[in-house]
Participant: 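Below is one structure. I have some questions about it.
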Amino acid sequence: MIEFKNVSKIYNNNVKALAKVNINIETGEFVFLVGPSGAGKSTFIKMLLKEIDPTEGKITVNGTDLSNIKRNQIPYYRRKMGMVFQDFRLIPTLNVYENVAFAMRVVESSPREIRRRVPMVLSLVGLSHKYKMFPTELSGGEQQRVSLARAIVNNPAVLIADEPTGNLDPETATEIMNLLEDINRAGTTVLMATHAKDIVDTMKKRVIAIEKGQIARDEMRGRYEDEIK
């Protein structure tokens, strides 16, 4: 599904963000990407989204070599991925239904398919009764649920979540993680970058730890920090 082969990234200011990274994430996995600020997590995600290119190495996503994607093909590549951010990034002038439907209009889904799919996804995230409300009328947890619905409405093969619980209280964060786990069980590969130690330690998923641009640990049923100090 996702393969990094000897991937390095050196920025123009000579900062080495990643160094010879080798990672293979299989279809259907749930993976936490952890590490201190500046470790290389954001660079990892930006390269997956084809926002930046590696200095060297090869990245393959769902059988596609990212080095072979032309600039005008990037939007079509990204349509196969879902993305959830810490700051939600909802369109404030659109209501809940319209925010989710917008993602389907971008990929030119038919009005009939939009009418079928959007209510189904809003039901999945528990927001059917708030479909007419605007983002400013929702709590932070509800806004993140809308963001999740928007991310999965087009049935992405991969869902990338960048600190999705960062602005949420513990109880709401748990609800969001339960939703992510449900999405994963349905077959979507989930990659989540996080600093939430309690969540990582509780869920016992695969943990890839990045430190100073290198893979420090890659453990199945791992923890946020190495138990051996």
Participant: Output the distance between atom CD1 (Ile183) and atom CG (Leu124), rounded to the nearest 0.5 Å.
Facilitator: 6.0 Å

Participant: Any heavy-atom pair between the side chains of Ile210 and Ile215 that's under 4.5 Å?
Facilitator: yes

Participant: With Arg217, which residues qualify under side-chain hydrogen bond (donor to acceptor under 3.5 Å, both in side chains), at least two apart?
Facilitator: Glu219

Participant: To the nearest 0.5 Å, what is the distance between OG1 on Thr43 and CD1 on Ile45?
Facilitator: 9.5 Å

Participant: Would you find a donor on one side and an acceptor on the other, under 3.5 Å apart, between the side chain of Asn99 and the backbone of Ile91?
Facilitator: yes

Participant: Which heavy atom of Ala151 sits nearest a heavy atom of Pro156, and at what distance?
Facilitator: O-CG, 3.3 Å

Participant: Tell me whether Met1 is reachable from Leu33 by hopping between hydrophobic residues (I, L, V, M, F, W, Y) whose side-chain heavy atoms are closer than 4.5 Å.
Facilitator: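 As far as the 4.5 Å side-chain criterion goes, Met1 and Leu33 are connected within one cluster.
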
Participant: Is the shortest heavy-atom distance from the side chain of Met192 to the side chain of Met177 under 4.5 Å?
Facilitator: yes

Participant: Who pairs with Ser147 by side-chain hydrogen bond (donor to acceptor under 3.5 Å, both in side chains), at least two apart in sequence or on another chain?
Facilitator: Gln144

Participant: So do Ile160 and Met81 actually touch side chain to side chain, heavy atoms under 4.5 Å?
Facilitator: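 Yes, at least one pair of side-chain atoms sits under 4.5 Å.
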
Participant: To check you understand the geometry: which heavy-atom pair defines the closest contact between Leu138 and Gln143, and what is its length?
Facilitator: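 Closest approach of Leu138 to Gln143, heavy atoms only: O-NE2, 3.5 Å.
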
Participant: Please determine whether residues Ile23 and Met47 belong to a single hydrophobic cluster, defined as Ile, Leu, Val, Met, Phe, Trp and Tyr linked transitively by side-chain heavy-atom distances below 4.5 Å.
Facilitator: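 Yes, same cluster.
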
Participant: Please, which pairs that meet salt bridge (charged side-chain N to carboxylate O under 4.0 Å, His left out) have at least one residue in residues 10-20, sequence neighbours excluded?
Facilitator: Lys20-Glu56

Participant: Using 0.5 Å steps for rounding, measure from the CG atom of Leu122 to the CG atom of Leu148.
Facilitator: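 It comes to 11.5 Å.
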
Participant: Give the minimum heavy-atom separation between Pro54 and Val7, together with the two atoms involved.
Facilitator: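 The answer is CB-CG1, 3.8 Å.
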
Participant: Among residues at least two apart in sequence or on other chains, which ones pass side-chain hydrogen bond (donor to acceptor under 3.5 Å, both in side chains) with Glu137?
Facilitator: none

Participant: Are Val106 and Val100 connected in a single hydrophobic cluster, I mean Ile/Leu/Val/Met/Phe/Trp/Tyr linked by side-chain heavy atoms less than 4.5 Å apart?
Facilitator: no

Participant: Should Arg78 and Met83 count as side-chain neighbours, where that means a heavy-atom distance under 4.5 Å?
Facilitator: no

Participant: Any salt bridge (charged side-chain N to carboxylate O under 4.0 Å, His left out) pairs touching residues 95-114, not counting sequence neighbours?
Facilitator: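 Found Glu113-Arg116.
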
Participant: Indicate whether the side chain of Asp65 and that of Ser67 have a donor and an acceptor atom separated by less than 3.5 Å.
Facilitator: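 Looking only at side-chain atoms, Ser67 and Asp65 do form a donor-acceptor pair, the distance falling under 3.5 Å.
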
Participant: Would you mind listing every ring-ring contact (aromatic ring centres under 6.0 Å, His included) that reaches into residues 82-104, with sequence neighbours excluded?
Facilitator: none

Participant: Restricting to pairs with a member in residues 153-171, which pass side chain to side chain donor-acceptor pair (under 3.5 Å), not counting sequence neighbours?
Facilitator: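 Listed by first then second residue: Gln86-Asn167, Arg117-Asn155, Glu163-His195, Asp169-Thr172.
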
Participant: When you measure from the side chain of Thr194 to the backbone N and O of Ala196, does any donor-acceptor pair fall under 3.5 Å?
Facilitator: yes

Participant: Do Leu168 and Val200 belong together in a cluster built from hydrophobic side chains that touch within less than 4.5 Å?
Facilitator: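 Yes, same cluster.
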
Participant: Do the side chain of Asn22 and the main chain of Asn6 share a donor and acceptor less than 3.5 angstrom apart?
Facilitator: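 It does hold such a pair.
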
Participant: Less than 6.0 angstrom from the centroid, inside 45 degrees of the normal: does Lys9 satisfy that with respect to the ring of Tyr11?
Facilitator: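 Checked: cation-pi criterion met.
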
Participant: With sequence neighbours excluded, what pairs up with Asn12 under the side-chain contact (heavy atoms from CB on, under 4.5 Å) test?
Facilitator: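 In terms of side-chain contact (heavy atoms from CB on, under 4.5 Å), with neighbours along the sequence ignored, Asn12 is linked to no residue.
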
Participant: Can Leu191 and Ile25 be said to form a side-chain contact (heavy atoms from CB on, under 4.5 Å), step by step?
Facilitator: CA-CA 9 Å; Leu191 175 66; Ile25 297 173; 4.1 Å; yes

Participant: To check you understand the geometry: which heavy-atom pair defines the closest contact between Leu48 and Tyr77, and what is its length?
Facilitator: O-OH, 2.6 Å

Participant: Does atom CG of Asn14 have more than 12 heavy-atom neighbours, drawn from other residues, nucleotides or ligands, at distances under 6.0 Å?
Facilitator: no

Participant: Which pair of non-hydrogen atoms, one from Val207 and one from Gly222, has the smallest distance, and what is that distance?
Facilitator: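 Result for this residue pair: CG2-C, 3.6 Å.
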
Participant: Scan residues 23-51 for pairs that pass ring-ring contact (aromatic ring centres under 6.0 Å, His included), counting only residues two or more places apart or in two chains.
Facilitator: Phe4-Phe44, Phe30-Phe32

Participant: Heavy-atom count around Phe134 CZ within 6.0 Å, excluding the residue itself: above 12?
Facilitator: yes

Participant: Show your working on side-chain contact (heavy atoms from CB on, under 4.5 Å) between Thr60 and Ile2 and close with a plain yes or no.
Facilitator: CA-CA 6 Å; Thr60 305; Ile2 298 172; over 6 Å; no

Participant: Does the side chain of Thr189 come within less than 4.5 Å of Leu159's, by heavy atoms?
Facilitator: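 They are not in side-chain contact.
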
Participant: Are Ile59 and Val61 packed together at the side-chain level, in the sense that at least one heavy-atom pair is separated by less than 4.5 angstrom?
Facilitator: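 Yes, at least one pair of side-chain atoms sits under 4.5 Å.
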
Participant: Nearest 0.5 Å, what's the NZ-CZ distance between Lys130 and Arg145?
Facilitator: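 Separation between the atoms: 9.5 Å.
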
Participant: Are Val158 and Val153 linked, directly or through other ILVMFWY residues, by side chains that come within less than 4.5 angstrom of each other?
Facilitator: no

Participant: Search all heavy atoms of Pro164 against all heavy atoms of Ala193 and return the closest pair with its distance.
Facilitator: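 Where Pro164 meets Ala193 most closely, the heavy atoms are CD-O, 4.1 Å.
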
Participant: Could you pull out all residues at least two apart from Arg79 that satisfy side-chain hydrogen bond (donor to acceptor under 3.5 Å, both in side chains)?
Facilitator: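 Scan of Arg79 (side-chain hydrogen bond (donor to acceptor under 3.5 Å, both in side chains), adjacent residues dropped) gives none.
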
Participant: Would you give the length of the straight line joining atom NZ of Lys58 to atom CD of Glu3, rounded to the nearest 0.5 angstrom?
Facilitator: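 If we round to the nearest 0.5 Å, Lys58:NZ and Glu3:CD are 7.0 Å apart.
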
Participant: If I take atom CE from residue Met203 and atom CG from residue Leu180, how far apart are they, to the nearest 0.5 angstrom?
Facilitator: 7.5 Å

Participant: Measuring only between side-chain heavy atoms, which start at C-beta, is Ile208 closer than 4.5 Å to Val34?
Facilitator: no

Participant: Not counting sequence neighbours, list each pair that qualifies as a salt bridge (charged side-chain N to carboxylate O under 4.0 Å, His left out) and has a residue in residues 21-50.
Facilitator: Glu29-Arg206, Lys50-Asp53

Participant: When you compare the side chain of Ile199 with that of Thr202, does any pair of heavy atoms fall below 4.5 Å?
Facilitator: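 Of all side-chain heavy-atom pairs linking Ile199 with Thr202, none is under 4.5 Å.
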
Participant: So, using side-chain contact (heavy atoms from CB on, under 4.5 Å) as the criterion, who are the partners of Ser139 when residues are at least two apart?
Facilitator: Glu142

